[in-house]
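The block underneath contains the structure these notes are about, expressed in structure tokens.
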Protein chains: 2
Amino acid sequence: MNEEFINDLSKNLGRVKANTMADDVEVKLRQYLKKMSLKPGDPLPKETDLAEALGVSRNVVREALSRLRMLGMIETRKRKGAVLASPDILLAFERVLDPLLIDDITLRDIFELRLVLEMGLADLLYARMTEGDIDELEKIANSEINKDKSFLVKNEIAFHGKLYEMTGNSTLKRFQIMLLPIFAYVITLVNKPYSGKVDHRGLVDILKNGTKEDFKKGMYEHLKPHFDRLK
Amino acid sequence: MNEEFINDLSKNLGRVKANTMADDVEVKLRQYLKKMSLKPGDPLPKETDLAEALGVSRNVVREALSRLRMLGMIETRKRKGAVLASPDILLAFERVLDPLLIDDITLRDIFELRLVLEMGLADLLYARMTEGDIDELEKIANSEINKDKSFLVKNEIAFHGKLYEMTGNSTLKRFQIMLLPIFAYVITLVNKPYSGKVDHRGLVDILKNGTKEDFKKGMYEHLKPHFDRLK
DNA sequence: TTTGCTATTATGTACTACAAATATAGTAAG
DNA sequence: CTTACTATATTTGTAGTACATAATAGCAAA
């Protein structure tokens with residue numbers, strides 16, 4: 001069969017995709033929001049007016065609005081109509097970040113992104129961390145002695161989450177929360193217990209006594225076993 | 001006025017948000033995709049069947065499908081129906097990454113994320129870069145002598161893009177492309193010419209002769225002036 | 001000033017109808 | 001056996017109508 005060939009061809013050529021009207025309207029609405037420089041809370045025209053102005057049916061307008069609503073760009077209330085919301089950057093990401101739907105290569109790429117990110121945290125951590133932060137981290141790390149596996153996973157999340165939190169960068173923190181399902185999935189890939197060269201208490205020690213560069217090395221060793229599980 | 005009181009109350013209680021049927025159907029469809037563990041290319045039931053099975057109108061089903069289509073999770077063709085696509089993680093991100101719609105704090109956070117990321121690139125670069133890569137980088141860096149500003153912006157993008165490309169991590173590369181509008185916007189915030197302590201040729205020199213740690217320091221100095229523009 | 005009722009209005013949902021595209025089958029030609 | 005053409009069936013895409021539902025604004029009543 002030449003099925004693979006076709007598949008390959010299709011990938012190289014890219015598919016011809018006839019835009020639907022909903023696609024066009026979506027774009028036009030985005031342009032409208034920008035052009036009018038609306039602030040959060042400002043109202044949009046009602047659906048029937050939009051439909052008439054754009055020369056499409058209300059159905060089409062509703063599809064486009066439905067998309068924007070899903071992304072948190074607008075909110076709609078009965079009788080009042082649609083209003084611009086405070087757009088939430090990461091909401092969209094969460095919608096597609098399902099590990100089961102992501103191919104292995106991308107999964108590996110994303111995990112590598114985490115590796116880069118968490119090693120990079122060092123620079124922010126050493127600039128911003130407080131005594132209280134360290135204490136809290138240490139408490140988390142110490143609580144994981146002789147616990148079962150499901151607890152360890154939760155603790156893993158708590159520990160790394162705290163690290164992100166310490167950066168004071170809330171977008172970074174939310175980015176991590178978003179990526180959590182991916183990492184949780186990676187952990188389940190193999191059922192032998194996790195055992196990196198450097199554990200959480202090791203990382204805390206480094207934060208207390210070591211250098212930035214030590215921390216990066218430590219984090220690399222800490223995450224490496226996970227990474228190796230991905231083929 | 002008791003306006004503050006109301007505002008406070010609203011924040012503590014959270015807003016009631018009545019889910020529309022399209023929201024529910026969207027969730028159900030996602031669950032369906034997972035449950036059936038469909039592979040890219042596998043077909044979905046046709047709209048009328050979905051509508052009947054879910055007990056909703058075809059309109060509602062179409063709204064939900066429209067959302068999934070926007071995110072690149074499915075593709076639909078006339079007569080054939082909808083099929084699961086290779087979901088594109090970053091497509092969703094692009095939909096909300098409009099610098100004009102992002103508030104200043106998030107903008108700053110994202111730029112910081114870039115900073116962390118590009119400093120972290122060092123670890124991948126030193127492991128994977130080739131002679132050819134360095135040559136190409138050098139060519140880009142050398143081409144920017146005595147050029148006007150719009151050229152410099154393009155070159156800035158080319159140079160950093162090449163760095164991401166050298167990591168061999170295509171998700172990382174696309175992540176950068178996605179964030180470009182943000183950085184381009186940041187550059188336009190101030191019109192005095194860009195002048196970091198370390199320029200592109202400096203970075204190339206470091207890659208040729210310096211250490212990982214040198215590169216991180218260099219990248220920090222290179223990006224710092226941009227960062228400082230954000231308030 | 002607060003509460004209760006009522007009319008109004010925009011969104012939410014359902015349904016019907018048809019246009020447009022295209023996979024499939026079938027047939028003929030080379 | 002491959003290619004070309006044709007016809008048919010089927011599914012998405014768009015339009016339009018109708019009504020349910022919820023929220024607003026205004027007025028009435030306490």
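Naming: A, B, ... by sequence-line order, numbering from 1 per chain.
- Classification of Asp49(A) and Arg58(A) as a salt-bridged pair fails, no side-chain N sitting under 4.0 Å from a carboxylate O.
- Distance Asn19(B) CG to dT11(C) P: 19 Å, rounded to the nearest Å.
- For the contact set between residues 50-64 of chain A and DNA chain D, defined by any heavy atom under 4.0 Å, the members are Gly55(A), Val56(A), Ser57(A), Arg58(A), Asn59(A), Val60(A).
- Between Thr20(B) and dT11(C) there is no side-chain N or O to OP1 or OP2 distance below 4.0 Å.
- With rounding to whole Å, Met21(A) atom CE is found 11 Å from dA19(C) atom C1'.
- Annotation for Leu163(B) and Leu125(B): closest pair O-CD2, 3.6 Å, computed over non-hydrogen atoms.
- How far CG of Asp133(B) is from OG1 of Thr167(B): 10.0 Å, rounded to the nearest 0.5 Å.
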Short N/O separations, protein against nucleotides 9-11 of chain D, under 3.5 angstrom:
from, atom 1, to, atom 2, distance (Å)
dA9(D), N3, Arg79(B), NH1, 2.7
dT11(D), OP2, Lys46(B), NZ, 2.6
dT11(D), O4', Arg79(B), O, 3.2
dT11(D), O2, Arg79(B), N, 3.2

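- Looking only at distances, a side-chain donor or acceptor of Ser143(B) sits under 3.5 Å from a matching main-chain atom of Ile140(B).
- Summarising the geometry, the separation between CG on Leu65(B) and P on dG13(D) is reported as 9 Å, rounded to the nearest angstrom.
- Aromatic ring orientation, His200(A) versus His222(A): tilted (interplanar angle from 30° to 60°).
- Ionic pairing of Arg128(A) and Asp123(A) is not present here: no N-O contact between side-chain nitrogen and carboxylate oxygen is shorter than 4.0 angstrom.
- A search for side chain to side chain donor-acceptor pair (under 3.5 Å) contacts involving Tyr164(A) returns Glu118(A), not counting sequence neighbours.
- Salt bridge present: Glu47(B) and Arg62(B) bring a charged side-chain N and a carboxylate O closer than 4.0 Å.
- What separates CG of Asp49(A) from P of dT9(C) is a distance of 13 Å, to the nearest Å.
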